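To start, the structure itself, in structure tokens.
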Number of protein chains: 2
Amino acid sequence: MDKTEGRILLVDDEADILEFLSYNLRKEGFDVKCARNGLEAMDISVQFRPDLIILDVMMPGMDGYEACRQIRNHPDLKETVVAFLTARGEDMSQVEGFDSGADDYIRKPVRPRVFISRVKALLRRIPQTSEDGSRITFGDLIIDKEKYVVIKRGIETELSKKEFELLLLLTSRPNKVFTRDEIFAGVWGNDVIVGERTIDVHIRKIREKIGMESIKTIKGVGYYFT
Amino acid sequence: MDKTEGRILLVDDEADILEFLSYNLRKEGFDVKCARNGLEAMDISVQFRPDLIILDVMMPGMDGYEACRQIRNHPDLKETVVAFLTARGEDMSQVEGFDSGADDYIRKPVRPRVFISRVKALLRRIPQTSEDGSRITFGDLIIDKEKYVVIKRGIETELSKKEFELLLLLTSRPNKVFTRDEIFAGVWGNDVIVGERTIDVHIRKIREKIGMESIKTIKGVGYYFT
DNA sequence: TGCAGCATTTAAAGTTAATGTAAAGTATAT
DNA sequence: ATATACTTTACATTAACTTTAAATGCTGCA
């Protein structure tokens, strides 16, 4: 019940701005945490594992650039997307910003709608489901398309063809609910006719192999992958 | 009329301001129309399809915020860029303004040259990143048709099939009162027969999930969504 | 105003329908 | 022929839905 659009860490020394931005982000379904300075940002990041960190450039103590550099040097955080918040007219500083490893620049004053779509665009480019070659990764689940194998927490399990195709269909759009009809069409094709319970049985087998939580049911509608 | 830079609707109850702004905008080649209040603004908008609506916050009758909300709820207008005109010192109102869906704030007194460049900046980003088709937004409520969930102020809640269908029906025409018969026909189909109280119970569940205010009752008639 | 009468709200109990599951049956491939 | 995958069956379980009934709240009228 608390699936979110993505985790975001806001870092700014001004409470107003934190409040304003976090309000707007939460409204869109993001899981937001705030930090007042670079140090705090690092601490929270290690725990919270944000998908995106939005850093104010000017902060007392460790400034945005330095914080960004540290993030890039931290083994667990270096993949995190980082965006800077800058006051108007700080354009020249962008050189240093990108140099320190920023992914984007957001100029103050912030306009909510633009801001939100910018954030969404940034998160979209996250290798949320990183796909290197034949493998797709979802958190602790790895699906290997070539070997017809899934690896859950390092435990490798073979999937049969139908199981695999069904899982691929569901994972092709995480969180989308696939109706039974869509599943039939996608996995069996429209002409093949099999009993209603067939899908359930395959779902059960998949759940057995990748964990119960991964596939959810909406009664009367269908299934979805998280 | 030669091709214009863009269509702009000005909404203000003070004729002076309308005249002043429209003069300056027309001089720059914009196609400008004016409205005296929120109601008039809605009427003209539907016909005129402005690219940008500039709303005074304080107006008799429907104020700017309410007008903005209505614009955002109107299927044909929700992509329109909206900017507020505010008197000096109304800063705190920005929260309500952005909440109601505004894209920008313009402070009075207006300086023509600044104003024009602001307007141009707003129009420049007209190809607004429109929300993906699977989600419908009503203020702080997001309905995701694919995921069978609603997001209210960032809190995601699953809906069951019936709840979801009922909510979709009501939201398909906000403010229209659906009679109980219409609801039966729309959600259950004309052949299914269930008791009178069934609808109420589902309405209650939905209210529980998206907030009491969202669905109103008209005694003896039915329900509507706002 | 106060009360009667009716409609809706609400919680909880009851029912139904859909899915979960194990195991047996059938097809397919090696 | 045998193993493996797939489907079907039949029963158990669960969540969704419906009904019930009591409480609340409106509306109009005396």
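Chain A is the first sequence line, chain B the second, and so forth, proteins listed ahead of strands; every chain is numbered from 1. Just so it is clear, the model here is predicted, and its values are computed rather than measured.
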| message | So which atom in A:A35 and which in A:I44 form the shortest heavy-atom distance, rounded to 0.1 Å? | response | CB-CD1, 3.9 Å
| query | Between A:W188 and D:dC6, does any side-chain N or O lie under 4.0 Å from OP1 or OP2? | reply | no
| remark: Between B:L166 and B:V187 the two heavy atoms that sit nearest each other are CA-CG2, 3.8 Å
| query | Quick one: B:I206 CD1 to D:dC17 P, roughly how many Å, whole number? | reply | 10 Å
| query | Relative to each other, are the rings of B:F225 and B:F138 parallel, tilted or perpendicular (30° and 60° limits)? | reply | perpendicular
| Separation of atom NZ in B:K205 from atom P in D:dT18, rounded to whole Å | 10 Å
| To the nearest Å, how far apart are B:K216 NZ and C:dT8 P? | 17 Å
| A:H202 vs A:W188 aromatic rings, parallel, tilted or perpendicular, using cut-offs 30° and 60°? | perpendicular
| message | How many whole angstroms separate atom CD1 of A:I193 from atom C1' of D:dC6? | response | 17 Å
| request: Mind calculating the distance between CD1 (B:I199) and P (D:dT20) to the nearest angstrom? | output: 16 Å
| message | Between C1' on C:dA11 and NE2 on B:H202, what's the gap in Å once rounded to a whole number? | response | 15 Å
| Can you check salt bridge (charged side-chain N to carboxylate O under 4.0 Å, His left out) on A:K209 and A:E156, steps first, answer last? | CA-CA 9 Å; A:K209 291 176 180 175; A:E156 194 169 317; over 6 Å; no
| query | In whole angstrom, what separates A:K162's NZ from D:dT8's P? | reply | 11 Å
| note | Scoring nucleotides 18-30 of chain C by protein non-hydrogen atoms under 4.0 Å (B base, S sugar-phosphate only, - none) yields BBBBB--------
| remark: A:L55 and A:G64 have their tightest heavy-atom pair at CD1-O, 3.6 Å
| query | With respect to the phosphate group of D:dC17, does any side-chain polar atom (N or O) of B:T198 fall under 4.0 Å of OP1 or OP2? | reply | no
| task | Under 4.0 Å between any heavy atoms, over every strand shown, what does B:S160 touch: base, sugar-phosphate, or nothing? Just pick one. | result | sugar-phosphate
| said: Restricting to non-hydrogen atoms, name the atom on B:M58 and the atom on B:D13 that form the minimum distance, rounded to 0.1 Å. | reply: O-OD1, 3.4 Å
| message | Whole angstroms only, please: what is the NZ-P distance between A:K161 and D:dT7? | response | 10 Å
